Asks: 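Structure in structure tokens, see below.
Naming: A, B, ... by sequence-line order, numbering from 1 per chain. Quick caveat: nothing in here was measured; it's all calculated off a predicted structure.
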Amino acid sequence: MTRDIPENPGLEGLEAKWNALWEERGTYRFDRSKTRDEVFAIDTPPPTVSGSLHMGSVFGYVQTDSHARYRRMAGKEVFYPMGWDDNGLPTERRVQNHYGVTCDPTLPYDPDFSPPEAAHQPARAISRRNFIELCHILTAEDEKGFEGIWRTLGLSVDWSQTYATIDEHSRRTSQQGFLNNLKRGEAYSQEAPVLWDVDFRSAVAQAELEDRDRPGAYHKVAFRLTDGTPLYIETTRPELICSCVALVAHPDDSRYQHLFGTIAISPLFGVELPIVSHELADPEKGTGVAMICTFGDTTDVTWWRELQLPTRAVIQPDGRLQTPTPEWLAGNGAAAYTEIAGLYPNQARARMAEMLAVSGDLDGEPRPITHPVKFYEKGERPLEIITSRQWYIRNGGRDDDLRKDLLERGEQLHWVPDFMGVRYRHWVEGLNGDWLISRQRFFGVPIPVWYPVAGDGSVDYDNPIIPEPDQLPIDPTSQSPIGYDESQRSKPGGFVGDPDIMDTWATSSLTPQIAGHWLDDPDLWQRVFPMDMRPQGPEIIRTWLFSTTVRSHYEHGTLPWESATINGWILDPDRKKMSKSKGNVVTAQDLIEEHGAEAIRYWACNGRPGVDTAIDTGVMRIGRRLAIKILNASRFTLGLSEDLDASSITEPLDRSMLAALAMVIAQATTAFDGFDYSRALEVAERSFWEWTDDYLELVKSRAYGDGPASASAHAALQTALGSYLRLFAPFLPFVTEEVWSWWREGSVHRASWPTTAELADHLGDAEVMAVTSRVLTAARRAKSDAKVSMRAEVETLEVVADAATQDRLRLAEPDLIEAARAGSIEYREGETFAVRVELAPLPGD
RNA sequence: GGGCGUUUAGCUCAGUUGGCUAGAGCACUGCCCUUACAAGGCAGGGGUCGGCGGUUCGAGUCCGUCAACGCCCACCA
């Protein structure tokens with residue numbers, strides 16, 4: 001025996017051992033000499049770097065890794081990069097909490113500021129540049145931690161192909177992409193009402209909204225017609241009566257036909273308002289008359305735009321009602337306004353209710369209701385709508401032709417599972433505006449433009465000053481455009497920099513271009529794009545998947561990838577969706593330490609594509625047991641003899657076993673080609689347990705002997721083991737690599753995927769193994785029923801079977817007699833298969 | 001309010017174009033320390049497939065409908 005097989009092989013230490021060796025040997029290094037058709041490129045989701053890794057991430061990434069490993073073995077050169085999403089608000093929040101700081105852009109840069117050991121209490125305000133430096137420091141630490149976990153889990157990522165969505169390369173790619181959109185007219189800026197988060201003081205895009213049910217109250221309020229007749233409306237936002245610009249009812253509402261075109265006067269404020277008609281007014285809601293404010297909700301925006309109403313905005317970017325009395329109010333109206341000036345909406349609402357009650361314009365008590373209110377998904381207060389200048393990228397929300405094109409892209413994409421494509425379609429069909437990409441935040445990729453300042457000091461937003469490509473990336477708030485210098489910043493005749501940053505999706509929608517080095521490495525780019533696979537979660541179809549599709553459609557006129565594989569949700573052990581707010585998040589680190597990487601991988605790969613899956617430590621234990629079983633079965637097989645040529649496989653039972661294995665290989669391959677890793681694992685696993693439980697037991701006795709029959713068993717065992725190790729390699733990379741190293745040169749992960757062709761010359765009748773197992777099982781059952789050891793002797797085995805089955809059993813008879821410890825086998829002709837077992841008398845009986 | 005998904009043994013899940021007495025693992029029960037494996041092996045009990053109604057010679061598997069759960073979307077008066 002020259003093989004170095006441990007006496008008592010175990011799983012401990014395999015992760016560290018093989019990760020070090022894989023790194024040293026460059027096992028997963030991308031070979032960029034391969035051409036596009038030889039490459040399998042994966043657009044890996046860059047995880048949000050946020051301290052601890054969520055089990056939901058582990059789930060999807062491990063599934064993707066199993067597929068990457070399959071493709072690599074199946075002959076593709078796998079382009080498998082890793083990115084970190086450290087751009088944007090989650091990082092800002094984390095920095096604020098971690099260091100106890102807030103960003104105040106008005107402060108000067110402090111070059112001596114160093115990261116505090118502990119969080120400042122209370123929070124300390126620092127400059128934007130200091131703040132951004134902290135963002136970089138913290139994300140760099142977190143990224144190291146994440147990489148460590150991914151390596152422990154055995155992701156076969158090429159770690160030389162990494163990026164961060166805030167790094168220089170990503171910023172340049174993102175800014176160039178934006179400038180290309182701008183040049184082609186796909187990006188534009190416009191002053192318009194936007195949904196606004198008053199805490200973050202930033203605009204928010206449609207894709208980032210969520211509805212939450214909140215308590216509210218209908219206030220029935222009397223407006224007055226010119227003759228003094230009350231006209232009642234119901235509103236949940238009486239504080240906005242001061243910003244009312246019209247009253248509206250449905251054009252077919254007979255109750256109000258006579259009022260269209262006339263005037264109503266607002267209570268307390270005395271503003272004259274036209275009474276108009278519009279189809280969005282719902283006769284069923286309230287009194288059928290609604291007040292139109294600028295702006296209380298998105299319907300107001302629609303009415304305002306379509307009915308060409310004036311703007312009377314009072315809500316400020318900080319969420320308060322403006323302090324100066326609005327110009328459209330005068331006299332008693334102006335006096336009434338002073339009661340609510342400077343208040344937050346909820347405070348103003350209460351005050352208005354009091355004032356309306358006193359003036360007699362409130363009919364009855366406010367009626368409490370629960371209603372859906374729009375929130376920023378990361379926000380804590382309801383969104384307001386304010387008017388501001390923002391940048392947009394056209395996404396079909398305002399253009400039917402473009403919408404049709406993008407829907408067509410969704411049809412072209414191969415969705416796994418296919419029903420996920422419906423979510424894309426519904427999202428695109430439901431878009432109601434273009435993609436708002438500017439954010440009034442600090443840590444992100446700057447909008448890369450400046451604006452000329454005219455002699456009168458006004459800013460010319462319609463003619464932005466564009467940087468040259470070789471200047472990118474730029475920060476227009478600290479760099480000046482070519483032809484200007486810093487002394488001209490914000491001066492008449494000079495320039496101003498756009499102060500905003502881009503939405504995180506405006507950058508991560510370019511992950512194929514970033515990872516594939518679209519701008520700076522055309523040679524690499526043409527080898528990897530369009531990519532093959534986009535794995536991701538279902539919740540970001542509307543954001544990441546869609547936005548990536550939009551950018552690629554514009555930039556390259558193609559889909560960014562051929563297939564999108566959508567993983568399921570992770571549920572906690574009680575089948576509740578895990579979320580930080582529920583406090584039921586289980587971190588990956590703990591589970592990996594407790595169960596080991598192979599167990600976690602097995603659990604993840606057991607989850608069907610796209611199917612919600614609960615964290616289940618029971619499944620993890622099964623995976624661990626499978627890994628240990630592989631070690632032990634390998635030790636048995638490889639301890640028997642040196643390598644034998646497969647031509648030694650002559651015994652019918654051995655050839656039968658290989659015939660069954662060939663079918664398993666075919667099934668697993670078909671499953672993987674359809675992105676169904678879980679099916680591939682399932683068929684391999686079922687087959688492997690049968691192999692160890694039945695085949696190994698049947699041939700054990702023969703294998704311990706000598707001669708050609710023994711050699712046949714050895715060679716068949718080796719051949720089968722070689723197949724099983726490769727079938728399991730995508731799922732259990734450490735244990736399969738360990739066994740492979742006892743035996744073969746090179747990495748199992750660069751070995752070729754098993755094929756039926758390589759077994760073709762050694763196949764027999766698969767039924768021989770099947771019927772022999774049935775007889776063996778019958779013998780075991782008899783012993784179990786008699787409560788005796790499996791080693792107990794059988795006097796006779798009497799098999800009732802048809803002639804064909806008898807013939808098959810005779811082919812394996814010596815093995816069956818040994819395994820069952822039977823004295824003899826007798827056959828009787830019969831249609832129905834049956835086995836009668838007569839146990840030998842026990843010694844002493 | 002609309003859409004998508006899920007609902008099969010106590011638990012976690014398979015069941016691919018409808019077809020032999022519905023499968024696996026865990027858990028449970030019994031037996032076995034058999035020289036690959038006792039953090040193991042062998043064997044066994046246990047579901048009529050969410051409800052109702054159809055199509056069919058035959059349905060867990062197709063159609064309709066209802067319900068529960070999850071997710072996504074929806075103009076907040």
Asks: If you look at every strand shown and take non-hydrogen atoms under 4.0 Å, does A:L696 touch a base, only sugar-phosphate, or nothing?
Replies: base

Asks: Toward the 5' end of RNA chain B, which comes first, A:G618 or A:V422, by nearest nucleotide?
Replies: A:V422

Asks: What distance, rounded to whole Å, do you find between the two C1' atoms, one in B:U29 and one in B:U34?
Replies: 22 Å

Asks: In whole angstrom, give me the gap between the P atoms of B:C31 and B:G50.
Replies: 37 Å

Asks: Students often get this wrong, so: under 4.0 angstrom with heavy atoms, is A:K700 touching a base, only sugar-phosphate, or nothing?
Replies: base

Asks: Quantified in whole Å, what is the P atom distance between nucleotide B:G10 and nucleotide B:C28?
Replies: 15 Å

Asks: By nearest heavy atom, map A:D282 and A:I622 onto RNA chain B; which one lands nearer the 5' end?
Replies: A:I622

Asks: Report the residues that fulfil side chain to side chain donor-acceptor pair (under 3.5 Å) with A:W303, sequence neighbours left out, ordered by chain and then residue number.
Replies: A:H278

Asks: Which residue in the set A:K378, A:E377, A:K374 passes side-chain contact (heavy atoms from CB on, under 4.5 Å) when paired with A:E210?
Replies: A:E377

Asks: Whole angstrom is fine here: how far is it from CZ in A:F223 over to P in B:A77?
Replies: 15 Å

Asks: For the pair made of CD in A:E429 and C1' in B:C72, what is the distance, rounded to whole Å?
Replies: 14 Å

Asks: Distance check, C1' atoms only: B:A59 and B:U16, in whole angstrom units.
Replies: 16 Å

Asks: Suppose we define a pair by two distances each less than 3.5 Å, Watson-Crick or G-U wobble; what does B:C20 pair with here?
Replies: none

Asks: Do A:L240 and A:T235 pass the side chain to side chain contact (heavy atoms under 4.5 Å, CB included) test, and can you show the C-alpha distance, the side-chain angles, and the key distance before you say yes or no?
Replies: CA-CA 9 Å; A:L240 291 179; A:T235 180; over 6 Å; no

Asks: Provide, to the nearest angstrom, the distance between the CZ atom belonging to A:F419 and the C1' atom belonging to B:C72.
Replies: 12 Å

Asks: My understanding is that a pair needs two contacts under 3.5 Å, Watson-Crick or G-U wobble. By that rule, which nucleotide pairs with B:G1?
Replies: B:C73

Asks: Look through every strand shown and name the nucleotide pairing with B:U56 as Watson-Crick or G-U wobble, where both distances are under 3.5 Å.
Replies: none

Asks: Looking at A:R624 and A:E594, is any side-chain nitrogen of the basic one under 4.0 Å from a carboxylate oxygen of the acidic one?
Replies: no

Asks: Taking the six-membered ring of A:F734 as reference, does the cationic atom of A:R601 (NZ for Lys, CZ for Arg) lie under 6.0 Å from its centre and within 45° of its axis?
Replies: no

Asks: What is the base-pairing partner of B:C49, counting Watson-Crick and G-U wobble geometry with both distances under 3.5 Å?
Replies: none

Asks: Quick one: label A:T777 by what it contacts on the DNA or RNA (base, sugar-phosphate, nothing), any heavy atom closer than 4.0 Å.
Replies: sugar-phosphate

Asks: In whole angstrom, give the distance that lies between atom CD of A:E539 and atom C1' of B:G5.
Replies: 15 Å

Asks: Identify which nucleotide among B:C75, B:A77, B:C76 has an atom closest to any side-chain atom of A:L280, counting heavy atoms from C-beta outward.
Replies: B:C75

Asks: Once you apply a heavy-atom cut-off of 4.0 Å, does A:T302 come out as touching a base, just sugar-phosphate, or nothing?
Replies: nothing

Asks: So, is A:K629 close to the B:G41 phosphate, meaning a side-chain N or O under 4.0 Å from OP1 or OP2?
Replies: yes

Asks: Tell me whether the OP1 or OP2 atom of B:G40 has a side-chain N or O from A:R625 closer than 4.0 Å.
Replies: yes

Asks: Work out how far the P atom of B:C33 is from that of B:C37, and round it to whole angstrom.
Replies: 16 Å

Asks: Rounded to the Å, how far apart are A:N606 CG and B:C11 P?
Replies: 18 Å

Asks: Just call it for A:D300: base, sugar-phosphate, or nothing, with non-hydrogen atoms closer than 4.0 Å on any strand.
Replies: nothing

Asks: What is the distance, to the nearest angstrom, from the CG atom on A:D211 to the P atom on B:G1?
Replies: 15 Å

Asks: Considering only side-chain heavy atoms of A:H371, which listed nucleotide, B:A77, B:A39, B:C42, is closest?
Replies: B:A77

Asks: Report which part of the nucleic acid A:R608 touches: base, sugar-phosphate, or nothing (heavy-atom distance under 4.0 Å, all strands).
Replies: sugar-phosphate

Asks: Hey, does A:A281 reach any base, or is it just sugar-phosphate, or nothing, if we go heavy atoms under 4.0 Å?
Replies: base

Asks: Counting the atoms with a prime plus P, OP1 and OP2 as sugar-phosphate, which does A:I369 contact under 4.0 Å by heavy atoms, base, sugar-phosphate, or nothing?
Replies: sugar-phosphate

Asks: Between B:U17 and B:C62, how far apart are the C1' atoms? Round to whole Å, please.
Replies: 12 Å

Asks: Does the side chain of A:Y724 pick up a donor-acceptor pair with the side chain of A:S687 at under 3.5 Å?
Replies: yes

Asks: Please give, in whole Å, the distance from B:G25 P to A:W689 CH2?
Replies: 10 Å

Asks: Looking at A:K285, I'd like to know whether one of its side-chain N or O atoms comes within less than 4.0 Å of OP1 or OP2 on B:C76.
Replies: yes

Asks: Side chain of A:H426 only, please: which of B:C37, B:G3, B:C75 is the nearest?
Replies: B:G3

Asks: Expressed in angstrom and rounded to an integer, what is the separation of A:E682 atom CD from B:A14 atom P?
Replies: 9 Å

Asks: Roughly how far apart, to the nearest Å, are B:C76 and B:C13 at atom P?
Replies: 36 Å

Asks: Look at all strands and tell whether A:R791 reaches a base, only sugar-phosphate, or nothing, counting heavy atoms closer than 4.0 Å.
Replies: base

Asks: Need one value for A:I628: base, sugar-phosphate or nothing, where a base atom within 4.0 Å counts as base even if backbone is also close, heavy atoms only.
Replies: nothing

Asks: Ring-plane angle category for A:Y695 and A:W691, please: parallel below 30°, perpendicular beyond 60°, tilted otherwise.
Replies: parallel

Asks: Rounded to whole angstrom, note down the C1' distance from B:G23 over to B:G47.
Replies: 11 Å

Asks: Hey, does A:E697 reach any base, or is it just sugar-phosphate, or nothing, if we go heavy atoms under 4.0 Å?
Replies: base

Asks: Any side-chain N or O of A:Q206 under 4.0 Å from OP1/OP2 of B:A74?
Replies: yes

Asks: Which nucleotide, B:U12, B:C26, B:C42, lies nearest any side-chain atom of A:S784?
Replies: B:C42

Asks: Taking atom types as modelled, is there a side-chain donor on A:D802 or A:T805 under 3.5 Å from an acceptor on the other?
Replies: yes

Asks: According to a strict under-4.0 Å criterion, is A:K374 in side-chain N/O contact with OP1 or OP2 of B:C75?
Replies: yes

Asks: Under 4.0 Å from OP1 or OP2 of B:G44: is there any side-chain N or O of A:R781 that close?
Replies: yes

Asks: Measuring to OP1 and OP2 of B:G15, would you say a side-chain N or O of A:R679 lies under 4.0 angstrom away?
Replies: yes

Asks: Scan every strand shown for a Watson-Crick or G-U wobble partner of B:A67, both distances under 3.5 Å, and answer none if you come up empty.
Replies: B:U7

Asks: Can you confirm whether A:P283 sits close enough to A:R255 that some side-chain heavy atom of one is under 4.5 Å from a side-chain heavy atom of the other?
Replies: yes

Asks: Would you tell me if any nitrogen or oxygen in the side chain of A:T298 comes within less than 4.0 Å of OP1 or OP2 on B:C76?
Replies: no

